[in-house]
Amino acid sequence: MARAAVLGRLSWQVATVSAVRRESATARTLVLDVPGWTGHLAGQHVDIRLTAEDGYSAQRSYSISSASEIASEDEATSPIELTVDRLPDGEVSTYLTDVLEVGDQIELRGPLGGWFVWHPDDPRPVLLVGGGSGVVPLAAMLRTRATRDATAPFRLVYSMRSPIEEMYADDRALSAAGVSVHRVYTRKIPPGYPRPPERIIADDLSDPDFGPDRAPQVFVCGPNGFVEAAANLLITLGHSADDIKTERFGPTGGPP
Amino acid sequence: MTTPLDGNSIAGLLRELFGRDMTAATARCDSCGSTGELARAVVYDTAPGVVVRCRECTAVVARVVRAPGRAWLDLRGVSYLQIDLPD
């Protein structure tokens, strides 16, 4: 069945930064006003383009972290939010996290991507598996579940190096009824945490309420190595490859 | 060789060329016959373009180059694209 896709405009638009918010030790959320924005679906992303005075331009993709909204013809939607993880030698991410400030403008194209999307009217349980900044589009799905009062059971398996990198820690969408969160720390754990620091293993993905017999929809997002490892574990556990949707991020935090 | 990403990473580029989202379109690899959504394909950045490879057999399915004012799209490795449309 063909689902209505949110097309937006095909061309680059100018977005204005209306607010910024620290999201973790290394990540910042940008709140952007985009004139004429007609909404997005949970899981979609935007392309960002920065152009220097000498004409040099760099382009990156960032997932939208805010809840899905679809506007009707004559109404505008709320601003959109992107969460940018600062990479120490990142050409674009350091600009977006260190330099960009409220009132500044950037070029933006989107919303993009109609496949890695969660539709709120889908009643299936949802297993979200995010590594590092891979949690960003999954947060949009959780927030959409909350704003639309959806009741599909959700489980987020969130892998990060250490607690200081955690994003959305206080977001009510993550502690809502019907949502469970399992945190995987790969390098440093909080004091007393029962799971030792190590990369994701089959046990981390084995909650029986989200097992293959429940046929959940699975979304896996993060760096290439993480997505490969998690997807292979899920297949080994018996999940159908058709039910697993994946999105890989590059070392720059987004595709080139 | 850069870290490979997937078809989601060229959503914007493909939409520019096709006028619609193409990540959900299904392609058949002309080399091995497997089918899958473009979002699942392996994508390598080969600036000023990308190379798209079949995730099953690694054969090249498409090459896209985007230059100022125009683009080139080589789809020799694709038998067909299947696109969902509203009735």
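Just so we're on the same page: letters track the sequence lines, and every chain starts at 1.
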- [ ] Keeping the roles fixed (side chain from B:Arg15, backbone from A:Pro111), state whether a donor-acceptor pair exists under 3.5 Å.
- [x] yes
Task: Within residues 32-45 of chain A or reaching into it, pairs that qualify as salt bridge (Lys or Arg N to Asp or Glu O under 4.0 Å) - sequence neighbours excluded - done: none
Open item on the list: More than 12 heavy atoms of other residues, nucleotides or ligands under 6.0 Å from CZ of A:Arg199: yes or no?
Closed with: no
Task: Separation of B:Ser9 OG from A:Arg60 CZ (nearest 0.5 Å) - done: 12.5 Å
Open item on the list: Can you tell me which of A:Val117, A:Leu112, A:Asp242, A:Val46 forms the most heavy-atom pairs within a distance under 4.5 Å of chain B?
Closed with: A:Leu112
- [ ] Could you grab the distance from atom OG1 of A:Thr246 to atom CG of B:Asn8, nearest 0.5 Å is fine?
- [x] 7.0 Å
- [ ] Mark yes or no for whether A:Asp47, through its side chain, and B:Leu13, through its backbone, hold a donor-acceptor pair below 3.5 Å.
- [x] no
Open item on the list: Can you confirm whether more than 12 heavy atoms, excluding those of A:Arg124, are under 6.0 Å from its CZ atom?
Closed with: yes
Open item on the list: With rounding to the nearest 0.5 angstrom, report the CZ to CZ distance, A:Arg248 to B:Arg40.
Closed with: 9.0 Å
TODO: Identify the two heavy atoms, one from B:Ala39 and one from A:Trp115, that lie closest to each other, and give their separation to 0.1 Å.
DONE: CB-CE3, 3.1 Å
TODO: For each of B:Gly12, B:Gly7, B:Ala11, B:Ala24, tally heavy-atom pairs with chain A at distances under 4.5 Å, and name the one with the top tally.
DONE: B:Gly12
Open item on the list: How about CZ on A:Arg148, more than 12 heavy atoms from neighbouring residues, nucleotides or ligands closer than 6.0 Å, or not?
Closed with: yes
- [ ] Determine, step by step, whether A:Arg109 and B:Glu16 satisfy the side-chain contact (heavy atoms from CB on, under 4.5 Å) criterion, reporting the C-alpha distance in whole Å, the side-chain angles of both residues, the deciding distance to 0.1 Å, and the verdict.
- [x] CA-CA 10 Å; A:Arg109 174 170 74 177; B:Glu16 241 191 325; 3.3 Å; yes
TODO: Find out whether A:Phe249 and B:Leu5 are in side-chain contact, i.e. whether some heavy atom of one side chain is under 4.5 Å from a heavy atom of the other.
DONE: no
TODO: Identify which part of A:Ala241 has an atom lying under 4.5 Å from any heavy atom of chain B, answering side chain, backbone, both or neither.
DONE: backbone
TODO: Measure the CD-OG1 distance between A:Gln44 and B:Thr23 for me, rounded to the nearest 0.5 Å.
DONE: 8.5 Å
